[in-house]
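A short worksheet on the structure shown next.
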Number of protein chains: 2
Amino acid sequence: MMLKIGELASKTDVSHHTLRFYERQGLIAPAGRSDSGYRLYSDLDVDRVGFILSAKKVGFTLLEIQQLLELEITKDDNSCGDVKCFVDKKISAVNQRMLEMKRIKKSLQALSKACCGGSVPATQCTILEALSEQKN
Amino acid sequence: MMLKIGELASKTDVSHHTLRFYERQGLIAPAGRSDSGYRLYSDLDVDRVGFILSAKKVGFTLLEIQQLLELEITKDDNSCGDVKCFVDKKISAVNQRMLEMKRIKKSLQALSKACCGGSVPATQCTILEALSEQKN
DNA sequence: CTTGACCCTAGACCATAGTCTAGGGTTTAA
DNA sequence: TTAAACCCTAGACTATGGTCTAGGGTCAAG
Ligand SMILES: [Zn+2]
Ligand SMILES: [Zn+2]
Ligand SMILES: [Zn+2]
Ligand SMILES: [Zn+2]
């Protein structure tokens, strides 16, 4: 019933290095310790690693996951609105980054389009010229 | 005609810290040094900082900018095709990242949609439940 | 001749998410 | 009893793009 770190590692496919790293980051702590100081994890801890992995898959950072876990643990004192708000803020941040990436993509495509791409020397390459242009 | 680092910094809006950092990264080197060891920059160096800033704006990393500068310097020996290929590879990478962001955005939106967002306790919050779900 | 503004090098520090090593101790099985 | 396999802590190291400090040297004006 209690797992040592190596067992948890193979069960969750998270390395023991990473599990200890998550512990230092305050994401997970073993349910107890053996007499010799070995970490001992319970089934709840296994679930917790699952939560962390799920949250990572949807793009949350470790800090955000820490906050989500806090919400989870104290969920009786939090409302659905609190949790949804947390997710919606993340959606906004993701949207922001996507807009920036779209801008970048368009700029790059414009550069690519203007370049002949031939085997002629790049002496007059429009890409290099565009990047060299002074915007004063 | 020759600028000291502080002058280049205010001219380009790049801090002297960052200029020295770029130098360590091999992006730019002063045209010369004064007797007392001060960095002295030429007009070409000003252009070079402009190139770096332009390339940053379209999303290139410092390593990529280093490679682009290499292309620029040896442009007589490179073809337009080489330069365009470099940009197209970057576009592919950007597309990859955008796909991943879209996946994340959709997941987050699905989570948000399923949650009632009300002021009821989050004890049965579908978001927390979805993240807790085991995918074995 | 001192003050302030500038310059120098070398190196520490920040976030982010780990990975790995050194140098020990423990457990288990042959 | 000894070797393998596991565990422990503490801390270094990776990439990325800087920022900042410590502890000096230089230069110009008053
Ligand atoms: Zn061309
Ligand atoms: Zn071209
Ligand atoms: Zn609800
Ligand atoms: Zn909810």
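Naming: A, B, ... by sequence-line order, numbering from 1 per chain. Note that these values count all heavy atoms, side chains included, but never hydrogens, waters or copies made by symmetry.
A:R48 places a side-chain N or O within donor-acceptor distance of the main-chain N or O of A:L27, the cut-off being under 3.5 Å. Side chain of B:S112 to backbone of B:L108: no donor-acceptor contact under 3.5 angstrom is found. Distance alone, capped at 3.5 Å, is enough to place a donor-acceptor pair between the B:D45 side chain and the B:A31 backbone.
Contact between the side-chain N/O atoms of B:S15 and the OP1/OP2 oxygens of D:dT19 is found at a separation under 4.0 Å.
Evaluation of the side-chain hydrogen bond (donor to acceptor under 3.5 Å, both in side chains) test over residues 23-32 of chain A, restricted to residues two or more places apart or in two chains, returns A:E23-A:R39.
Between B:H16 and B:K4, it is B:H16 whose nearest contact on DNA chain D lies nearer the 5' terminus.
Summarising the geometry, the separation between CZ on B:R39 and P on D:dC27 is reported as 16 Å, rounded to the nearest angstrom. Separating the CG atom of A:L3 from the P atom of D:dC6 is a distance of 14 Å, rounded to the nearest angstrom. Computed from coordinates, the B:E64 CD to D:dT16 C1' distance equals 12 Å when rounded to whole Å. Between the CE atom of A:M2 and the P atom of D:dC6 there is a distance of 20 Å, given to the nearest Å. What separates CD1 of B:I52 from P of D:dT16 is a distance of 16 Å, to the nearest Å. Nucleotide D:dA5 holds its P atom 16 Å from the CD atom of A:E7, rounded to whole Å. Going from atom NZ of B:K56 over to atom C1' of D:dG18 covers 9 Å, rounded to whole Å. If you measure from atom NE2 of A:H17 to atom C1' of D:dA12, you get 13 Å, rounded to the nearest angstrom.
Within the 4.5 Å cutoff, the side chain of B:V14 has no heavy atoms near those of the B:L8 side chain.
For B:K84, there are no salt bridge (Lys or Arg N to Asp or Glu O under 4.0 Å) partners at least two apart in sequence or on another chain. Evaluation of the salt bridge (Lys or Arg N to Asp or Glu O under 4.0 Å) rule for A:K90 yields A:E64 as partners, not counting sequence neighbours. By the salt bridge (Lys or Arg N to Asp or Glu O under 4.0 Å) test, A:R103 is found to be paired with A:E100, residues two or more places apart in sequence or in another chain being considered. Not counting sequence neighbours, the partners of A:C116 by the side chain to side chain contact (heavy atoms under 4.5 Å, CB included) test are A:V120, B:C80. Looking at residues two or more places apart in sequence or on another chain, you find a side chain to side chain contact (heavy atoms under 4.5 Å, CB included) between A:E72 and A:F51, A:K75, B:L128, B:S132. Here A:D47 pairs with A:L44, B:Q134 under the side chain to side chain contact (heavy atoms under 4.5 Å, CB included) rule; sequence neighbours left out.
First and last contacting nucleotides of DNA chain C toward chain B (any atom under 4.0 angstrom from a heavy atom, 5' to 3' order): C:dC6 to C:dT9.
A donor-acceptor contact under 3.5 Å links the side chain of B:Y38 to the base of D:dG25.
Pairing each heavy atom of A:P30 with each of A:R33, the nearest pair is CG-NE, 4.3 Å.
Near DNA chain D, meaning a heavy atom under 4.0 Å away, there are no residues from residues 86-96 of chain B. Heavy-atom distances under 4.0 Å link DNA chain D to B:R24, B:S36 of residues 24-36 of chain B, given in residue order.
With the end axes of the helix from C:dC1-D:dG30 to C:dA30-D:dT1 each set by five pairs, the angle from one to the other reads 40° at 10° resolution.
Within 4.0 Å of A:R20, counting heavy atoms only, lies at least one base atom of the nucleic acid.
Tracing side-chain contacts under 4.5 Å through hydrophobic residues (I, L, V, M, F, W, Y), one never reaches B:Y38 starting from B:I5; they form parts of separate clusters.
Taking Ile, Leu, Val, Met, Phe, Trp and Tyr as hydrophobic and joining them when side-chain heavy atoms fall under 4.5 Å apart, one finds B:I73 isolated, its cluster having no other members.
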